[in-house]
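In what follows, a structure is listed as structure tokens, so that the remarks can point back to it.
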Protein chains: 2
Amino acid sequence: MDAKISTQKSIGTKHSILDKTLEIIRGKWRLHIIYQIGTEVRRYGELRRMIPQVSEKVLIQELKSLMNLGVIEKKIYNEVPPRVEYALTSKGRQVLPILLKLTTVGEVFLK
Amino acid sequence: MDAKISTQKSIGTKHSILDKTLEIIRGKWRLHIIYQIGTEVRRYGELRRMIPQVSEKVLIQELKSLMNLGVIEKKIYNEVPPRVEYALTSKGRQVLPILLKLTTVGEVFLK
DNA sequence: TTTTTTACTAACCTCTTGGTAAGTAAGTCG
DNA sequence: CGACTTACTTACCAAGAGGTTAGTAAAAAA
């Protein structure tokens, strides 16, 4: 029985993996943001225009969180007016296909 | 340009599809619950024991929401003490593989 | 000189989500 | 009879998520 446990992930580990996933995708705007940055590098203002329902404050707040989680990264150009670009990190690019497939969930349940 | 739009989903549609997805998976416990019911039919008490961190109230509340969304269904047996079993609907079973793959997101970002 | 642009920050407030604690029905078991 | 079991409900609260509004820097354009 101990052998069985050692060959698979413990419940605790599975739990924390799921929680880490939720940390990333939970929240009203995270997936919207990731979807927009996923295809190509985006400036802050672009994102605002592409997801107009989100407030400025929350958009920046979520971009920060996604950066802290290592999903996206930002590049600041020393120009005036300022210019900032957001892109997926390599880890972000790694999980993008899975996240994109999530739309099929919505498709199934909208029918 | 109109032709282009008619051959692909409009932004509005994509948006509502994503929102429907989020309606299902957002929330602290939804995925935990789906993961447990996914493999086999579960009684309420079983779920409580398998996800001990969730409170009774919230577990029932989330089960109800998932039922209203058409993800799970419940079967009540006329016994005393009562017996209730929860199972995925066919739509639920349809999207389970995608939802299970979400753990790889957590795996990538835990490293 | 005033306005515009871009990417923010800060104060404040509301609404939603989730948690706690207690209670209920209706039989079985000791 | 009283305790136990299961699947709930209800009332009340605390925390968190998200929204609104106003303000900032710094240069270029009108």
Side-chain angles (χ1 to χ4, degrees), chain A residues 15-16 18-37 40-69 71-88, chain B residues 15-16 18-37 40-69 71-88:
Chain A
H15 186 77
S16 62
L18 228 195
D19 284 350
K20 180 50 96 175
T21 303
L22 286 169
E23 202 182 342
I24 291 168
I25 66 173
R26 228 177 134 205
K28 203 171 171 182
W29 304 110
R30 300 261 172 111
L31 283 180
H32 288 274
I33 295 169
I34 293 172
Y35 279 29
Q36 295 306 330
I37 300 181
E40 43 192 310
V41 169
R42 301 281 186 203
R43 293 184 62 174
Y44 168 76
E46 275 186 285
L47 290 170
R48 279 245 57 198
R49 272 170 257 126
M50 307 186 90
I51 318 168
Q53 307 94 323
V54 71
S55 70
E56 285 183 87
K57 190 204 84 172
V58 171
L59 178 53
I60 288 179
Q61 174 186 295
E62 296 304 278
L63 287 168
K64 263 187 198 164
S65 302
L66 289 171
M67 282 178 54
N68 290 334
L69 287 163
V71 182
I72 63 175
E73 57 197 356
K74 102 180 163 125
K75 196 170 175 184
I76 302 171
Y77 294 84
N78 254 11
E79 302 176 6
V80 172
R83 183 169 157 217
V84 175
E85 287 181 349
Y86 293 91
L88 288 188
Chain B
H15 185 77
S16 62
L18 228 196
D19 284 349
K20 179 51 94 174
T21 304
L22 286 169
E23 203 183 342
I24 292 168
I25 65 173
R26 232 177 129 204
K28 204 172 171 182
W29 304 110
R30 300 262 171 110
L31 284 180
H32 288 274
I33 293 169
I34 293 171
Y35 278 30
Q36 294 306 329
I37 300 182
E40 44 192 310
V41 170
R42 300 281 185 203
R43 293 184 63 173
Y44 169 76
E46 275 185 285
L47 291 170
R48 280 244 56 198
R49 272 170 257 127
M50 305 187 91
I51 318 167
Q53 306 94 322
V54 70
S55 68
E56 284 183 87
K57 190 203 82 170
V58 171
L59 178 54
I60 288 179
Q61 174 187 296
E62 296 304 279
L63 287 168
K64 265 187 195 164
S65 302
L66 289 171
M67 282 179 53
N68 291 334
L69 287 164
V71 182
I72 63 174
E73 58 196 356
K74 95 168 128 151
K75 196 171 175 183
I76 302 172
Y77 294 84
N78 255 9
E79 301 176 5
V80 172
R83 181 168 158 218
V84 175
E85 286 181 351
Y86 294 91
L88 288 187

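Since this is a predicted model, take the numbers as computed values, not measurements.
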Touch check for B:Tyr86, heavy atoms < 4.0 angstrom, all strands: base, sugar-phosphate only, or nothing? sugar-phosphate
Going by heavy atoms in the side chains, are A:Ile72 and A:Arg42 under 4.5 Å from each other? no
If you round to the nearest 0.5 Å, how far is CG of B:Leu69 from CD of B:Glu62? 9.5 Å
In whole angstroms, the gap separating C1' of C:dC8 from CD1 of A:Ile76 amounts to 10 Å
Which residues pass the salt bridge (Lys or Arg N to Asp or Glu O under 4.0 Å) test with A:Glu73, sequence neighbours left out? none
What's touching nucleotides 17-21 of chain C from the protein side, N or O pairs under 3.5 Å?
| from | atom 1 | to | atom 2 | distance (Å) |
| --- | --- | --- | --- | --- |
| C:dG18 | OP1 | A:Arg26 | NH2 | 3.1 |
| C:dG18 | OP1 | B:Lys28 | N | 2.7 |
| C:dG19 | OP1 | B:Lys28 | NZ | 3.3 |
| C:dG19 | OP2 | B:Trp29 | NE1 | 3.3 |
| C:dG19 | N7 | B:Lys57 | NZ | 3.1 |
| C:dG19 | O6 | B:Lys57 | NZ | 2.3 |

Side chain to side chain contact (heavy atoms under 4.5 Å, CB included) involving B:Arg43 - partner list, sequence neighbours excluded: B:Glu46, B:Arg83, B:Glu85
Check salt bridge (Lys or Arg N to Asp or Glu O under 4.0 Å) between A:Arg26 and all other residues, then give those that pass, not counting sequence neighbours. none
What are the two closest non-hydrogen atoms of B:Ala87 and B:Val41, and how far apart are they? CB-CG2, 3.8 Å
Boundaries of the DNA chain D segment in contact with chain B, non-hydrogen, under 4.0 Å: D:dT5 to D:dG18
B:Ile37 and B:Leu63 have their tightest heavy-atom pair at CD1-CD2, 4.1 Å
Could you give the NZ-to-P distance, from A:Lys64 to C:dC8, as a whole number of Å? 8 Å
Could you write out each protein N or O paired with an N or O of nucleotides 2-6 of chain C at a distance under 3.5 Å?
| from | atom 1 | to | atom 2 | distance (Å) |
| --- | --- | --- | --- | --- |
| C:dT6 | O3' | A:Arg43 | NH2 | 3.2 |
| C:dT6 | O3' | A:Pro82 | O | 3.0 |

Minimal heavy-atom distance between A:Gly27 and B:Leu22, with the atoms involved, is O-CD2, 4.3 Å
Side chains of B:Leu66 and B:Arg30: does their closest heavy-atom pair fall under 4.5 Å? yes
Taking only distance into account, with no hydrogens and no angle test, what donor-acceptor pairs under 3.5 Å do side-chain atoms of residues 48-57 of chain B form with protein atoms, sequence neighbours excluded?
| from | atom 1 | to | atom 2 | distance (Å) |
| --- | --- | --- | --- | --- |
| B:Arg48 | NH2 | B:Val54 | O | 2.7 |
| B:Gln53 | NE2 | A:His15 | NE2 | 3.2 |
| B:Ser55 | OG | B:Val58 | N | 3.4 |

